[in-house]
Amino acid sequence: MTAAARLVPNAVSDRPISVLIVDDSAVARAALSCIIDSGQGLVLAAALDSASAAIGWLQRQVADVVLLDIEMPGITGLAALPELLDAGRGAQVLIVASTAREGAEATLRALALGAADTLAKPSIGHLNQQFGSTLIERVLRLGRARRVERNPVRFALRPKLASPVALLAIGASTGGIKALTEFFENIVPSFDAPILITQHLPPTFMPYFADQVAVMAGRLARVARAGEWAGRGEILIAPGDAHLTVRAFQGLFRVELSSAPAVSRCCPSVDPMLNAAAEAAGAGAVGVVLTGMGRDGEHGAAQIVARGGSVIVQDDASSAVWGMPGTIARAGLASMVAEPSCLAEHVVRRGSV
C-alpha cells in the first residue's frame, strides 16, 4: 500500500449555522422560519421571496445553508442557481421542493448543477414535526460540512488494479448527481460492463432520476426490478425504498431487492449493493463511492477488497461532503482518490470483461 496526503476534517466551528430561506410563498417562509428558529445550533439569517433578492443578499452577506424553492415567479430557483452558488461563496444549497413530476424533474436538474441535497416539501398543512426534525438534521449536517477546517493527514492507498471490470457499482449521496454527471461524461460507449447505482433520493424521484442518468450516460438506465438481468452496458438504479443487490448465475447478474436493515440505516444503502457486487463478481467487482454524508459504503467496500476487487472514491476537494468517500479512504480501502472524471478514466482504461 502507498501513502497519500489529503485534506481531511479536523475541527468545526461552534458558531451557529446561518440559514437563508428563499421561497415566494409567505406561508412557507413563515413555516420554515419557525422550524429553523426552533433548531439548536441554527440561526435564521433572512427569509426572502425571490431568487434575485437572494443573489443580492448573498453578494453582501454570508449564509452557511440556503433553503431554495425551485418554482418561483420571475427568475426561478433553477435558472438562478449558478449565480446563486457563485454569490454564496461556498454556501450549501438544499432544495426544498415538491415531489410532483415538474418539481422532481426541476430538483434533479438543480442537483446536477451543484445544489448539495434535496428534501421533499409536503403541503403547507403537513409541515409536521417529523419534517421539521428531518430539515433541522439535514441543515446542521450540511452547515457543519461547509465549516470543516481541513488539515493534511496521510492515509494509505491500495495498489491500483488493471484487470477488466465485470461489474461496476456506484454509490453516492449529498452532491452525488453533479458527481455522477461528471463521471459519466468520461465513460465511453465501449465500456459495457453492467452498472449499478445507489443514490440517496426520495422514492418518488427515482423514475425521473433514471431518465436523467440515461441522458447523462448516453445508455439505457432504469429503476431496477427484482428478477431482471443486468444487461451489458446497462445501468440499474436502486429504487428509493429498497436495496439493490445482484446474484451471479452462469456469468450473468440477476437483480434482487432487499428491505432488510442496513448497517448505515439508509434505504437504499450502498453497503448491500457493494456486498452483493463483491460476492457476485469477486476480483471483477469495482466499487465507486462518490460524495455523500455519513459512512454508507464502508462495510461494502471492505467486502469488495476482501474478495480481490477494488474501490475508488471521490476526493475531498471535489466533494460536496467528504463523508462516505472519506471514511473509505481513511480506512485504507481505496486504491484511488480523485475527482469523478479521473475515476471514470481509470475505469475506462481497465476496460470491461
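Just so it is clear, the structure is predicted and the values come from calculations on it, not from any experiment.
A 4.5 Å side-chain heavy-atom check between Met336 and Leu343 finds at least one atom pair inside the cut-off. Between Leu168 and Leu196, every side-chain heavy-atom pair lies at or beyond the 4.5 Å cut-off. Taking the side chain as every heavy atom from C-beta outward, Val348 and Ile187 approach each other to under 4.5 Å. Within the 4.5 Å cutoff, the side chain of Asp23 has heavy atoms near those of the Lys121 side chain. Two residues are said to be in side-chain contact when any heavy atoms from C-beta on lie closer than 4.5 Å; Leu142 and Met293 meet this criterion. Between Leu290 and Val313 the shortest side-chain heavy-atom distance does not fall below 4.5 Å. You'll find the side chain of Ile95 stays beyond 4.5 Å of the side chain of Asp117, heavy atoms only. Annotation: side chain of Pro239 is in contact with side chain of Leu257 (closest heavy-atom distance under 4.5 Å).
A continuous path of hydrophobic side-chain contacts links Ile237 to Phe191 [ILVMFWY only; heavy atoms under 4.5 Å]. Neither Leu135 nor Leu68 shares a network with the other; the hydrophobic side chains, linked directly or stepwise wherever heavy atoms of I, L, V, M, F, W or Y lie under 4.5 Å apart, form separate groups for each. Both Val213 and Ile177 are members of a single hydrophobic cluster when ILVMFWY side chains are connected at heavy-atom separations under 4.5 Å. By the criterion of side-chain heavy atoms lying less than 4.5 angstrom apart, applied directly or through intervening Ile, Leu, Val, Met, Phe, Trp or Tyr residues, Ile136 is not grouped with Val22; the two fall into different hydrophobic clusters. One hydrophobic cluster, built from ILVMFWY side chains closer than 4.5 Å, cannot hold both Leu85 and Val321; they sit in different ones.
Interatomic distance, Leu180 CG to Lys178 NZ, rounded to the nearest 0.5 Å: 11.5 Å. Annotation: the span from Ser259 atom OG to Asp241 atom CG amounts to 8.5 Å, rounded to 0.5 Å. Between atom CD1 of residue Ile21 and atom CG of residue Leu94 there is a gap of 10.5 Å, rounded to the nearest 0.5 Å. Taken from CD1 in Ile304 to CG in Asn275, the straight-line distance is 8.0 Å, to the nearest 0.5 Å. Note that the CG atom of Asp271 and the CZ atom of Arg265 stand 13.0 Å from one another [nearest 0.5 Å]. Here the CG-CZ distance, from Leu108 to Phe209, works out to 7.5 Å after rounding to the nearest 0.5 Å.
Taking every heavy atom of both residues into account, Leu111 and Ala116 meet most closely at CD2-C, 4.1 Å. In terms of heavy-atom proximity, Thr291 sits nearest to Gly176 at CG2-N, 3.6 Å. Shortest non-hydrogen contact noted between Gly294 and Thr327 is O-OG1, 3.8 Å. Shown here for Trp57 and Ala63, the closest heavy-atom pair between the two residues is CZ3-CB, 3.9 Å. Between Ile75 and Ser52, the closest heavy-atom pair is CD1-CB, 4.2 Å. Here the shortest heavy-atom pairing between Ala169 and Leu274 reads CB-CD2, 3.8 Å.
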(request) Go through Asp64 and Arg144 one step at a time and tell me if the salt bridge (Lys or Arg N to Asp or Glu O under 4.0 Å) criterion holds. (result) CA-CA 9 Å; Asp64 295 307; Arg144 288 167 180 161; over 6 Å; no
(request) Output, in order, the C-alpha distance, side-chain angles, deciding distance and verdict of side-chain contact (heavy atoms from CB on, under 4.5 Å) for Leu236 and Val255. (result) CA-CA 9 Å; Leu236 297 179; Val255 171; 3.4 Å; yes
(request) Any chance you could lay out the side-chain contact (heavy atoms from CB on, under 4.5 Å) test for Ile328 and Phe155, step after step, and finish with the verdict? (result) CA-CA 10 Å; Ile328 292 169; Phe155 56 80; over 6 Å; no
(message) side-chain contact (heavy atoms from CB on, under 4.5 Å) for Cys266 and His200? Distances and angles first, verdict last.
(response) CA-CA 8 Å; Cys266 296; His200 297 164; 3.7 Å; yes
(message) Does Val43 form a side-chain contact (heavy atoms from CB on, under 4.5 Å) with Ile17? I'd like the steps, not just the answer.
(response) CA-CA 6 Å; Val43 60; Ile17 304 299; over 6 Å; no
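The pair Asp192-Arg219 does not meet the salt-bridge criterion, since no charged nitrogen lies less than 4.0 angstrom from a carboxylate oxygen.
Around the CD atom of Glu279, the shell of radius 6.0 Å holds no more than 12 heavy atoms that belong to other residues, nucleotides or ligands. Counted within 6.0 Å of CZ on Arg232, heavy atoms from surrounding residues, nucleotides or ligands total more than 12; the atom is thus considered enclosed.
Checked against salt bridge (Lys or Arg N to Asp or Glu O under 4.0 Å), Arg225 has the following partners two or more places apart in sequence or in another chain: Glu228.
For the 3.5 Å distance criterion, the side chains of Ser310 and Arg350 qualify, holding a donor opposite an acceptor. For the 3.5 Å distance criterion, the side chains of Ser318 and Gln314 qualify, holding a donor opposite an acceptor. Remark: the Asp316 side chain and the Ser319 side chain contain no N/O donor-acceptor pair separated by less than 3.5 Å. Judged by distance alone, the side chains of Asp296 and Ser269 do bring a donor and an acceptor atom under 3.5 Å apart.
Judged by distance alone, the side chain of Gln199 and the main-chain N or O of Ser173 form a donor-acceptor pair under 3.5 Å. Of the possible polar contacts, one joining the His243 side chain to the Ala260 backbone as a donor-acceptor pair under 3.5 Å is found. The main-chain N or O of Thr118 is found under 3.5 Å from a side-chain atom of Arg138 such that the two form a donor-acceptor pair. A donor-acceptor contact shorter than 3.5 Å is absent between the side chain of Arg158 and the backbone of Ala334.
Screening residues 76-92 for side-chain hydrogen bond (donor to acceptor under 3.5 Å, both in side chains), with sequence neighbours left out, gives no hits.
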